[in-house]
Every structure is written in structure tokens, then in C-alpha cells.
Amino acid sequence: MTENLKREEARRRAELLSLDGYTIDLDVSEATADTATFGVVSRIELTAGESASTFLDFIGVEVSSVSIDDAAVPFTFDGARVSVEIPQGRHVVEVAGRGTYSTTGEGLHRFRDPVDGQTYLYTQFEPADARRVFPNFEQPDLKATFTISITAPATWVVLSNGEATKSADAGTNSRGEATSRTQFATTKRMSTYLTAFIGGPYHAFTDVAEVDGQKITLGFYCRDSLKEHFDLEDISTVTKQGLALLPKVFNFPYPWGKYDSVFVPEYNLGAMENPGCVTFSEDAYIYRGQSTRSQRAGRANTILHEMSHMWFGDLVTPVWWDDLWLKESFAEFMGAWSMVAATQYTEAWENFAGARVSWALRNDQYPTTHPIVADIVDLEAADQAFDGITYAKGAAVLRQLVAWVGEKEFFAGAAQLFKDKAFANATLADLLEALEAASGKDVRAWARQWLETARVSSVTIERGPGGVTLRQVGTDPNGAPITRPHHLRVSGWRLDGDRLARTGATDVELTDQVTVAWDEIGPDADLILPNDSALSYIKISFDERSLASALAHELDEPLAQSVVSSALWEMVRDGLLPAADYARFTARSAEGTSSSLLAARTLNSIAALRSYTTAEAREAELERFFDDAVANISGDDDTRLIWSRAAARAGQSLPSRDDALVSLLEQTTDQDLRWMYLTARAATGNASRDELDAELENTGTAADVVEHMCACASMPGAAAETLAKVLAGGLSNDHVQALIDGLGQPLRAEEKAVAIGDYFAQLTEIWSSRSQEIAERIIYGLYPMGDLGEAASPEEHPDVVAAGAWLEANPEAPGALRKVILDCRDEHLRMLRAQAA
């Protein structure tokens, strides 16, 4: 079975074929029964430039027939490819087969609600899982129209990319349920991975957006058991605000007819930009209990991110996954830009400068870093390209580009690209041509320096009598100096009361070094900030006085404070700032610190104290942080909730703080928070299985089942049984993750290591016997990261040595698997070096 389509195979197939349209009939009428499979027929109108043997992609259990122009033809099927001879000329190819319902979030996912027993279906295809549902040519440059029909239980809501045009009775299924066949309007030309198939007793909310005379029907859907928690007002408002803004910005009307937003269970992603039928993670964006403004702002960002894809990605699509950034970096940028321009969540760039840039920096400093324009040789590599570089670094670099070419010129270039490449595919060259025409600047030279090179550089600060000298330092993966051009805003800050206030700012261009006069930023500044407003993508190396001021005082401007916080966190990760100092900085967070910034700081503090402090000092530092967190549970709703969650997370490592956890548990009715406290008590051996079972019995929703699994897996003595469940297979993606999270509790490290045994000896079997999604979850989650202990140096730690030996012994292992091990080994080394420091 050959699942891993290579880029060269896709290029040859694109040279041979051009597609007109698909007609797809999907039969899920038996989905409520125990059957594992569904039927599908795919008819494809195409033109072959010459007679040739080629293949369709289909990961299914059976292909019963293949016909060309309604005449049966010979074929072979290996479980992933349907090989067939296609004559030269225009033809209709029809393939009938059976696919398998998924529980991993890949393909057609089937979920049964434990509250009411109802069955729900949804699809997730990016980058190449449409082939798990219908036979097709699974590559983004073979676009076509899609006419989709779904046969399902008659009481279900069924959705796809187009509007439903008619529904007809289809008899009954094996359970005696009436079924119906719903046909949907033919779509505009799009790629296979953007098709969507939804079915189940979803609860529907409706609304309408009117944009310059265009009436867009809005549908919002969630499981029936979650409808009371659905925040329709905020979700619909942000959706309408986005649809009012983006057609004007892009000078191109919304192209896909209706706009449905479907919130689905057990989702692997935050959301997916299926044209006209966007899918979202219910777990991430439907809040059963309290939510912070940061969470709601994150949801707004995701809504607008996916909406911008209706143009960047859906209307104009990359030719292959090398240019994945061409849509994801733009959508990441547009999500934040649109929030500021159209919604109440105007703090978007503060959030971006914190957590999102930290994600980019983490990925960009791994040994497997890659340019924003990546070299994606096959689908396994494509699956791993959805990373912090493609999303967050790309967006940070686009923010720099917008600052350089001008916002008006940037959007004029984008509008021209949409006009030139509507319903087709585009490359980096197409984008650069459009931006150069709009701006008159040499964007190609800029792209070579920013998009085609890897790693991040730092800006150092040197005070002198005449001013401040900034220098760019850093090397690329080949050891060559990084000399990217940066448009930076440099500012000075002085202590004013208990906060730092800006005394001056100026914009500079930095390539090698530049000196800023004191009178431009204010003399004798307590803190010098060389990337104010987060205009560029660069690390900051503070001078001694600036570092001391940053740790002791908040800045009175939120975006600047977010830049400072991110820089301090990078110093922790680089072993230049003790984790305990960062945790105390977090605990002193002043009134007015935004919820997103406070949430990021607390998460970072706990992670650093668990990993970057020595084993001998760890418990005392975590106890101090826990006590600070409990003391800080006051003030507004956001502050109380964030510190409550921080106490729960820190408490997972602290048997000594069980009395405080019991008290906190008794004071809350928020179900998600209750599970956090219970899991902490379970991890420390202070909660019994009976207590956990009783909590589940009180609620019993899908989310509670997941939390219960995690809590049980956290308990002392549960490692061997938990590991056996993980490796046995047959669990859903959410359930696998819950068990791995429980197994990964800090206090379970030794027990987990004993249960796993020789981790590296099992890698090949784990990778080859599971889907990539599940294999990666297991391999990342079980990776051994022991403390420094008695090792003479980080490089001599037994786990590091074992990883190096495996990499050396397995040069032919799949590139995607080697990437996981290389990155985990690097993360472990970073942790050990911080402990050694």
C-alpha cells in the first residue's frame, strides 16, 4: 500500500490530466449501526493529454468497479491507489468503493455522544485525507467543481460546501430508520482537500450577513447536547464583522455562496477552511463553564483566520505544499489584522507577539527548521509543515513586509492576485509579481532574505555616550551570518511610579548594525526595547539594565509588554534566565496585565519549573509558585480563572498542597476547573478512583469522559495499564491524547519509563502500524526526557545518547519520523542545559 504521494508523482499526474468536475455519491445511511464502512461512488470528468497508466487515490477497504465512459475497465487496488489505464482525450471515470469510518480525526470521523447516544459525522481532509472518503486525484493543483450527494438518516442535518438543492426519500436502513438523499449545489473549482461532508442531529442556529447587496446565509451548528453552551451572539457577530470587512479589503466578493460554521467533536485542529462549510473544534471554542477574554479573542482570531482562507487558500490555492505558507501565513496575519480592524478584540497583536511568536521561535530553533518556503517532497512531510514556521513566523514576516511596502500597497497586490488567479493555483512568483507591481519595490530580493532562509537572529543592545548601538547577530543552518533587513521601532522607557513609560521611539532599518541617538528615545532609559510594536521577527538580547527593569516592572503599553514578556521567555529557554526568576516575574504580574499575557506567563512558568530547574530545587520552587497562584486568585473574572488554572497545573506535582486543592475544588462549580483540580489530586495520589468515577457519573458528557480518562491515567500505579491501552489501538484521537497526558504527569516519569522499556526499539512499529496523526501523538508523548541527574553533561545523558544512536542507525527511516526524534532530542538537550546552568 502506497499512501505517501511524492511531489514528483503529483507533478507528472498534473502534466497528464486536467479535471472538469466530480460527482460524488456518499452513502452513510448505516452510520448509526455498528458497521465500520460506508459506500461511495466518485465520477470524474477529465481530459488526458495522452494515453497513460496513472492512479487515483483512495484509502479504503474495497473498490468494486472502475469504468471509463460507462464501460468497465481493468484496474488494480492496493488499499491506497486505484491504478488504471486512461486513454487520451476527454472521459468520465467512475470508481465505486467502500471506505472506513475514522476515529482519529482523519477522513470521515464518526462520534457517538455519550449523553444521548446520537451519532455525528464530519470530515477533515487537509492535507490529503479526502482519499479516505472518495476516490480522487489528491493534490491541490488538480482543481475541479464538486457536485455532492449524501444519503443519511432522514432526521439528520447534512451539510456540504454547497447549498442543499433537493432531498428525496431513500427508503430505510438496517435499523428501520428512514433515510433520505440530499443533493448539494455544484461548487466553484476547488481542491479535493477542501471538500466537506457533515451529518448528524446537529443543532442549527441561523443568521444572515448582508455585504454590499450580497446576502450571505449563515448557519452555526453544534451537537444537540452542547446547544445551551453555544455563544451565538459573539460567534455570529465576529463572523458578520469579518464578512463585512474582507470582501472590501480584498476587492473581491465572497465567492462561495452560504457560510456555515460547524463545531465538531474530537477534532485534531482548531478549525478548517472548507469553502462554505468551515469546521471548528468544539472542545477549543465551545465553553461549558467560565471562559476568559483571551479564550474568546482566540476564537475570534480562528474565525477570521479561516474566513480569510476563503480567498487565500480556497479561491487561490498553492500548487503544492511547498507553498503552504502562501495561505497559512497570510491567514495567520489576516486573523490578527482583521480582529483589530473589525472587532472588539483589538488586542490581537499583543496576543500574537506573545504565544504565537513563541511558537515560531521554538520551531525555528530546532535542527529540523526550514525556510518559510519549505521543501516538501511528499505528503508525510506536508503533514508536518503545519508548524510554527509556516503559520506564526510566516505571519510575523508578513507583518514586516506590510510595514516595508505599505498596507495599501500590500492589499492592492493581494487583490490583483485574486483577480489573476481566481479558482486556480498560484506560486510564490505569482505573489511577488503582484506585490512588486503594487509597491514598486524589489520584493523578490526581500523574499530571498526572509522566505528562503531559516533560523532567527537576535538584536543586541549596547549603550554608549552618543546613543544605543543595535547589532543583528545569528547564523543560518549552514553557519553563515544572518543579514536580513529589519524595519524596527526602537523605544526607550523610564520608571514612572510603579510602571515603565515610553520616553521616545524612532523607526530604523537594521541589517548589520545601527546607532540610535539618545534624544530620539529619551536619555538614560531604564529599558531599551528594539522591537517595539512587534514589527519584525527577531529575538531580543537585553542589556543588563534593561533586563533588570523588565523583570521588576510592567510597561504601561500592552503590545510593548507582550514583546518584553516573549523576550524574557526566550531567555529562559536559552538558559540565560533562571526559571525561578521568570516564575517570580509572573507572580508579580501587575493589575491590568491582559488575560492572554497572564495566561501565557503562567503556562510558561509551570513548564519551566518542571523542566528547567534541577530536580533538587523543583519541588520548593513549584510550591512557591503554587502559593503565589492561590494568593492571586482575586480581582476580575479572568484573573481569578487564570490563577485558579495555574494552581491546578502546579498542584499536579505537589502532594504537599492537597489541602489547598481540596479547598479550591469545594469552592468551584465550573466543571472544567473541577477536573483540573481532580486530576492534580489524582496525580499526587490523593484522589481515589471512586471519587473520579463519581464525578464522571454526575456529568458524563464527552468532555468529561476524556477528563476522567486523563485523571485515571495520572494515578500512581496506572502507567503499565495506560500504556497498554495506548499501544493496543482502537481508541479515538481524543482518548489516546487523554491517556498520554495522564501518563506524562511529572510524578509518573519513573513509572512511565519502566512501563515503556526500550522506547527507541518500538519506534518503527508504532510509526508503521498507525495513521500519522496517532503515531505522532504517541511518539511525541512517550519520548523519554529524564533529568540531568548524575550525567556528566547534557550530551552524555543516556536518553540523549540513545536518541543519537537511533538516528545514526536509522538513516533510511521516514523523514517525518526522524524529524520527531530530532526535535524531541533537541528539546531534551535544551532542558538539560538549562538544568546544568
Beyond-backbone contact of Tyr391 with Ser329, side-chain heavy atoms, under 4.5 angstrom: no
Main-chain N/O of Gln365 paired with Thr369 side-chain donor or acceptor, under 3.5 Å: no
Derivation and outcome, salt bridge (Lys or Arg N to Asp or Glu O under 4.0 Å), residues Arg7 and Asp378: CA-CA 5 Å; Arg7 178 174 55 200; Asp378 55 32; over 6 Å; no
Intermediate values then yes/no, side-chain hydrogen bond (donor to acceptor under 3.5 Å, both in side chains), Arg484 and Gln472: CA-CA 9 Å; Arg484 298 181 187 126; Gln472 179 175 203; 5.5 Å; no
Test of ring centre spacing under 6.0 Å for Phe410 and Trp404: no
Distance-only polar pair, side chains of Ser546 and Arg463, donor-acceptor under 3.5 Å: yes
Donor-acceptor side-chain pairing of Thr503 and Arg494 below 3.5 angstrom: no
Closest non-hydrogen atom pair between Ser536 and His486, with its separation: OG-ND1, 2.7 Å
Electrostatic pair Glu8:Arg11 at N-O distance under 4.0 angstrom: yes
Residue pair Ile372 / Gly394: nearest heavy atoms and the distance that separates them: CD1-CA, 3.9 Å
pair Trp325-Phe330: side-chain heavy atoms closer than 4.5 Å: yes
Between Arg499 and Gln561: side-chain donor-acceptor atoms closer than 3.5 Å: no
Heavy-atom closest contact (Trp518 atom, Pro465 atom, distance): CD1-O, 3.4 Å
Flag for Glu509-His487: side-chain donor and acceptor within less than 3.5 Å: yes
Side chains of Gln214 and Asp212, donor plus acceptor under 3.5 Å: no
Six-ring centre of Trp349, Arg399 cation under 6.0 angstrom, axis tolerance 45°: yes
Donor-acceptor pair between His305 and Glu273 side chains, under 3.5 angstrom: no
Euclidean distance, Arg573 CZ relative to Leu568 CG, rounded to 0.5 Å: 14.5 Å
Salt bridge Arg601-Glu554, side-chain N to carboxylate O under 4.0 Å: yes
No-hydrogen, no-angle side-chain donor-acceptor test under 3.5 Å, His370 and Asp375: no
Side chains of Asp323 and Thr427, donor plus acceptor under 3.5 Å: no
Interatomic spacing from OG in Ser358 to CG in Leu603 - rounded to 0.5 Å: 11.5 Å
Contact summary for Gly276 and Trp256, nearest pair of heavy atoms: N-CB, 4.1 Å
Pair Gln416-Asp420, side-chain donor/acceptor within less than 3.5 Å: yes
Audit row: Arg545, Asp526, salt bridge (Lys or Arg N to Asp or Glu O under 4.0 Å) steps and yes/no: CA-CA 6 Å; Arg545 182 174 172 184; Asp526 290 316; 2.8 Å; yes
Thr239 versus Tyr259, side-chain donor and acceptor atoms under 3.5 Å: no
Within 6.0 angstrom of Glu436 CD, more than 12 heavy atoms from elsewhere: yes
Side chain to side chain contact (heavy atoms under 4.5 Å, CB included) assessment of Arg444 paired with Glu433: CA-CA 8 Å; Arg444 284 182 174 82; Glu433 182 181 345; 4.0 Å; yes
Glu557 side-chain N/O to Leu559 backbone N/O, donor-acceptor pair under 3.5 Å: yes
Short N-O contact, Asp364 and Lys393, less than 4.0 angstrom: yes
Lys441 vs Glu409, salt bridge (Lys or Arg N to Asp or Glu O under 4.0 Å): CA-CA, chis, key distance, verdict: CA-CA 10 Å; Lys441 292 194 173 184; Glu409 289 78 7; over 6 Å; no
Lys248 atom NZ, over 12 foreign heavy atoms within 6.0 Å: yes
For the student: nearest non-hydrogen atoms of Asp322 and Ile376, plus distance: OD2-N, 3.2 Å
Glu544 CD: over 12 foreign heavy atoms closer than 6.0 Å: no
Trace of the side-chain hydrogen bond (donor to acceptor under 3.5 Å, both in side chains) decision for Ser541 with Thr460: CA-CA 5 Å; Ser541 181; Thr460 66; over 6 Å; no
Distance (rounded to the nearest 0.5 Å) between Ile235 CD1 and Arg296 CZ: 11.5 Å
Ring center gap for Trp337 and Phe411 short of 6.0 angstrom: yes
Lys240/Glu210 ion pair, N-O < 4.0 Å: no
CA sep, side-chain torsions, deciding dist, call: Lys539, Asp574, salt bridge (Lys or Arg N to Asp or Glu O under 4.0 Å): CA-CA 11 Å; Lys539 291 172 70 174; Asp574 291 342; 2.6 Å; yes
Straight-line distance of Leu243 CG to Leu304 CG, nearest 0.5 Å: 9.0 Å
Glu380 side, atom CD; Lys819 side, atom NZ - distance, nearest 0.5 Å: 13.0 Å
Neighbour count above 12 (heavy atom, 6.0 Å) for Asp507 CG: yes
Criterion side-chain hydrogen bond (donor to acceptor under 3.5 Å, both in side chains) on Tyr193 and Glu138, from CA distance to verdict: CA-CA 7 Å; Tyr193 77 89; Glu138 186 82 287; over 6 Å; no
Phe125 and its side chain to side chain contact (heavy atoms under 4.5 Å, CB included) partner, picked from Thr192, Leu194, Thr195, Asn274: Thr195
Cationic N near anionic O, under 4.0 Å, Lys327 to Asp314: no
Note: Asp260-Lys258 ion pair, threshold 4.0 Å (strictly below): yes
SB check Asp476 Arg455 (cutoff 4.0 Å): no
Glu827 and Tyr366: side chain donor to acceptor below 3.5 Å: yes
Any donor-acceptor N or O pair under 3.5 Å, side chains Thr515, Thr469: yes
Residue pair Ala392 / Trp359: nearest heavy atoms and the distance that separates them: CB-CE3, 4.0 Å
Expected output: side-chain Thr593 to main-chain Ser589 donor-acceptor under 3.5 Å: no
Test ring pair (Phe, Tyr, Trp, His ring centres under 6.0 Å) applied to Phe418 and Tyr254, Phe423, Phe312, the passing residue: Phe312
Derivation and outcome, side-chain hydrogen bond (donor to acceptor under 3.5 Å, both in side chains), residues Ser533 and Arg489: CA-CA 7 Å; Ser533 303; Arg489 182 161 298 148; 3.1 Å; yes
